[in-house]
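For reference, the structure discussed in these notes is given below.
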Amino acid sequence: MEPKYRELIDQYETEASKWNRKSNLMGAVKLALFFVFLFLEVTFWGVSRSAVCGLAAGISFVLFAAASVFHEEIIRILEEKKGLCEIVKADQKRRSGEWTAFSDTGEEYVDEEHGYAVDLDIVGQNSLFQFINRTHTYFGREKLAAALLQPLDEHPLDEQSSDEHPLDKRTLHEQVLHADDEIRRRQEAVEELASDYEWAARLEYYFSKIGVDCRFPELIAELENPRLFLPFRHADLFVGLLRGVTCVTIALLFIYKTNEIICFLGILLLLQLALGMLGDYHIKNYLGYTRTAAGKMAPYCEIIRAWGDRSFRSERLCMIQARLAEASEGIQKLSRISSHMRYTIHPVSRFILDGLLLWSFQNAFDFQEWKLQYGEQVRQWFMLLGEAESLMSFSGLAWNCSTVCLPQISGSGRRIVAQKIGHPLLGNEERVCNDFRMEDSIVMISGSNMSGKSTFMRTVGINVVLAGAGSYVCAERMSCPRMRILTSMRIADRTTEGISSFYAELLRIRRIIDAAAESDRLLFFIDEIFRGTNSADRIKGAEGVIEKLHSLNACGIITTHDLEICRLGDKKGIVNYSFYEEYRGDEMYFDYQIKEGISKTTNAEFLLRKVGIL
């Protein structure tokens, strides 16, 4: 399923070079036509006043205008080829492991209090978000982040009922099945998007022309607000009448050129300029951010057109297509209105247009009419477009991970089974995959330093997150249920709060225990349990936590150096796995393959000798 990146890059660079030559040639033609027009105009007005010369000047101007339009189309195609080339280069970097230089890391979504975001490298530097993110708009990024960080908001696992809304077992079962079906619909959409790389890349290019704008919620709020521009009845009719009278007067002036018409036109222009100046603040306030967002609307029209021209099979993509078809007319009208607004941003053009046509007033009335007709639907349109970007981001895993599959989502139980599961953020050449199975159990993973315990735990966690988002996972085959994830892995001192790393870990584990007591749909990950205290307290505390979680029938993974703790694996529902190294002469080797049972080796003394401490 891997696209041929090098061939595509060469193709787009060749095409860009061809269109660049055409652009340079057309630029020279435009310049020549402009000088010809200028020469003929000077000749006509300053020398001959010949009808032939005037006609030639007119023809040269028409040719210049046509060449300008053609040149704009050439530039558009040239920019598209360059943009597509950059998108393919970014995917090539994802495939080769150079994606850590991407600037969009999703850093603003980092929350130390989130259940797993930091520990599983979901957002932030060197994160899953940074790796898969193909979004280029505000709502696209929001949708992608929500799918990774809040997957249960759309598909809740809360089995607690209230007195006001009691839930029976049948209702809960139906909710679970509905949520699982929704994930399967997302999977079908992701798989279909992954089937045509070049089309998806072109769609991503259209989104990239919009760009991430943190003020976009402000724009949506303006579009949703049904407030009228002017509270006076028939104010728009008065403005339309005044514009019409002005246009008729200008036409009459060309025919009759009488002083009365000139005087009347002057009065009309002064009146319109006065109205424009008096209403300037109110107009700007009413149009708000929409005045400067014209460049962001036109690409949406291209996106909707591209989406509408394609035939889809998956239910979710067909639904998005149908909704966007309904939005097409509204988006086109908004693009046209916002383009008209752009003409009044420059003071000179605003002075001329407002003086002649009350342009700003007309923009405000057009905007008012648009909001009354489409305002209630606009948020849904942009959310759907954001979801399309999010689904495209997940589809990219199929192109850039050597081993992927769409996992089977099991509605009940807590059984996780995976064949050749690997960490998606590791390079394809260095990734080591493992087979793994856990079912209604606590898995204890023991092993030496650097043997791969923590990486494997993150491997399981990050793939369960992807599965819950309806994405591909980095595995040959995988099945798992939707579960709430909580972690205790990267623990640091909270100095300003006077909290040590050990106490911070206690708070994390307390949170896990409380969640396990509330629901049996919890999946926990605890790395190097109680590393921040002495060995005696660590062993005693770890045994207490494991006993407590076991009594709550909790499900999760715990890693440890302490082989004494692993003896709890003799109990039903606690299973031991391990990683360990081999020694060949004075060198230590890891195969990073998970094995059943307790670790057979330790390497602390070896490492101390290797660095010269012992």
Self-check item: Residues Glu596, Asn576; criterion side-chain contact (heavy atoms from CB on, under 4.5 Å); working and verdict
Solution: CA-CA 6 Å; Glu596 293 184 358; Asn576 275 307; over 6 Å; no
Quiz item: Going through the distances and angles, do Asp527 and Ser454 end up as a side-chain hydrogen bond (donor to acceptor under 3.5 Å, both in side chains)?
Solution: CA-CA 6 Å; Asp527 189 29; Ser454 301; 2.8 Å; yes
Quiz item: Would Arg94 and Arg134 satisfy side-chain contact (heavy atoms from CB on, under 4.5 Å), going step by step from the backbone distance to the final call?
Solution: CA-CA 11 Å; Arg94 289 186 179 96; Arg134 317 178 74 86; 3.6 Å; yes
Practice problem: Decide yes or no on salt bridge (charged side-chain N to carboxylate O under 4.0 Å, His left out) for Arg482 and Asp180, but give the supporting numbers first. | Solution: CA-CA 8 Å; Arg482 293 177 306 110; Asp180 291 347; 2.8 Å; yes
Practice problem: Any chance you could lay out the side-chain contact (heavy atoms from CB on, under 4.5 Å) test for Leu144 and Ile132, step after step, and finish with the verdict? | Solution: CA-CA 9 Å; Leu144 177 59; Ile132 69 172; 4.0 Å; yes
Practice problem: With side-chain hydrogen bond (donor to acceptor under 3.5 Å, both in side chains) as the test, would you mind laying out the steps for Glu192 and Ser314 before giving the verdict? | Solution: CA-CA 7 Å; Glu192 186 170 358; Ser314 66; 3.0 Å; yes
Exercise. Kindly determine whether Leu8 and Glu198 satisfy side-chain contact (heavy atoms from CB on, under 4.5 Å), including the steps that lead there.
Key: CA-CA 9 Å; Leu8 286 172; Glu198 291 187 51; 3.7 Å; yes
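The aromatic ring centres of Tyr5 and Trp399 sit 6.0 Å or more apart. Under the 6.0 Å cut-off for aromatic ring centres, Tyr205 and Tyr12 do not qualify, their centroids lying 6.0 Å or more apart. Between Phe579 and Phe590, the distance separating the two ring centers is not shorter than 6.0 angstrom.
In Gln92, the CD atom is crowded: over 12 heavy atoms of neighbouring residues, nucleotides or ligands sit closer than 6.0 Å. Counting non-hydrogen atoms of neighbouring residues, nucleotides and ligands closer than 6.0 angstrom, the CD atom of Glu108 exceeds 12 such neighbours. For Arg477, the CZ atom is loosely surrounded, since the number of other residues' heavy atoms within 6.0 Å does not exceed 12.
Side-chain N or O atoms of Arg184 include none that pairs as donor or acceptor with a backbone N or O of Gly470 at under 3.5 Å. The main-chain N or O of Ile87 is never found under 3.5 Å from a side-chain atom of Glu204 such that the two would form a donor-acceptor pair. No donor-acceptor distance shorter than 3.5 angstrom exists from the side chain of Ser451 to the backbone of Gly447, with no hydrogens or angles considered. Side-chain atoms of Gln130 come within 3.5 Å of backbone N or O of Phe102 as a donor-acceptor pair. In terms of modelled atom types and a separation under 3.5 Å, the side chain of Gln321 and the main chain of Trp307 share a donor-acceptor contact. Proximity of a side-chain donor or acceptor of Thr459 to a complementary backbone N or O of Thr455 within less than 3.5 Å is detected. In this structure a side-chain-to-backbone donor-acceptor pair under 3.5 Å is missing from Ser479 to Ile416.
Contact between Leu397 and Val404 at its shortest, heavy atoms only, is O-CG1, 3.5 Å. The two residues Ile509 and Ser488 make their nearest non-hydrogen contact at CG1-OG, 4.1 Å. Nearest heavy atoms, Ser578 versus Ile445: CA-CG2, 4.4 Å. Nearest heavy-atom pair across Pro407 and Ser471 is CD-O, 3.5 Å. What you find for Thr487 and Ile512 is that their closest heavy atoms are C-CD1, 4.2 Å. Residues Ile462 and Leu120 come closest through the heavy atom pair CD1-O, 3.7 Å.
Using a 4.5 Å heavy-atom threshold, the side chains of Phe524 and Ile557 count as separate. Side-chain contact between Val190 and Ser395 is present, with heavy atoms from C-beta onward closer than 4.5 Å. Looking at heavy atoms from C-beta onward, Met478 lies in side-chain contact with Ile421 at the 4.5 angstrom threshold. Side chains of Asp196 and Arg310 form a contact here, defined as non-hydrogen atoms less than 4.5 Å apart. Counting only heavy atoms from C-beta outward, the side chains of Thr559 and Ser446 never approach each other to under 4.5 Å. In this structure, Tyr472 and Glu191 have side chains that are in contact, with non-hydrogen atoms separated by less than 4.5 Å. Residues Ile442 and Cys555 form no side-chain contact, since every pair of their non-hydrogen atoms from C-beta on lies 4.5 Å or further apart. The shortest distance between side-chain heavy atoms of Leu324 and Leu385 falls below 4.5 Å.
When the ring-ring contact (aromatic ring centres under 6.0 Å, His included) test is applied to Phe129, the partners found at least two apart in sequence or on another chain are Tyr109. Every residue was checked against the ring-ring contact (aromatic ring centres under 6.0 Å, His included) condition with Tyr138, not counting sequence neighbours, and none meets it. Residues passing the side-chain contact (heavy atoms from CB on, under 4.5 Å) test with Lys548 are Ile513, Ser551, Leu552, sequence neighbours excluded. Remark: Ala146 pairs with Gln150 by the side-chain contact (heavy atoms from CB on, under 4.5 Å) rule, at least two apart or across chains. Residues forming a ring-ring contact (aromatic ring centres under 6.0 Å, His included) with His114 (at least two apart in sequence, or on another chain): Tyr116.
The side chain to side chain donor-acceptor pair (under 3.5 Å) test with Glu389 singles out one residue from Thr137, Thr135, Asn133, and that residue is Thr137. Residue Asp119 is tested with Arg458, Arg490, Arg508 for a salt bridge (Lys or Arg N to Asp or Glu O under 4.0 Å); the sole match is Arg508.
Salt bridge absent: Arg185 and Asp181 never bring a charged side-chain N and a carboxylate O closer than 4.0 Å. Using a 4.0 Å cut-off between a side-chain N of Lys or Arg and a carboxylate O of Asp or Glu, Lys453 and Glu528 qualify as a salt bridge. With salt bridges taken as basic N to acidic carboxylate O contacts below 4.0 Å, one links Arg186 and Glu387. Salt bridge annotation for Arg414-Asp440: present, with a cationic side-chain nitrogen under 4.0 angstrom from a carboxylate oxygen.
Between Phe312 and Trp199, the angle of the ring planes goes over 60°, which puts this pair in the perpendicular group of the 30/60° scheme. Between Trp99 and Phe131, the ring planes are tilted. Angles from 30° to 60° get that label.
Between the side chains of Asp91 and Asn400, at least one donor N or O sits under 3.5 Å from an acceptor N or O.
Note that CD of Glu188 and CG of Leu193 are 12.0 Å apart. Values are rounded to the nearest 0.5 Å.
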Name each donor-acceptor pair under 3.5 Å that joins a side chain in residues 431-439 to protein atoms two or more places apart or in another chain, with its distance.
from, atom 1, to, atom 2, distance (Å)
Arg431, NE, His423, O, 2.9
Arg431, NH1, Ser402, OG, 3.4
Arg431, NH1, Asn428, OD1, 2.9
Arg431, NH2, Leu426, O, 2.8
Arg431, NH2, Asn428, OD1, 3.2
Asn434, OD1, Ile594, N, 2.8
Asn434, ND2, Tyr592, O, 3.1
Asp435, OD1, Lys420, N, 2.8

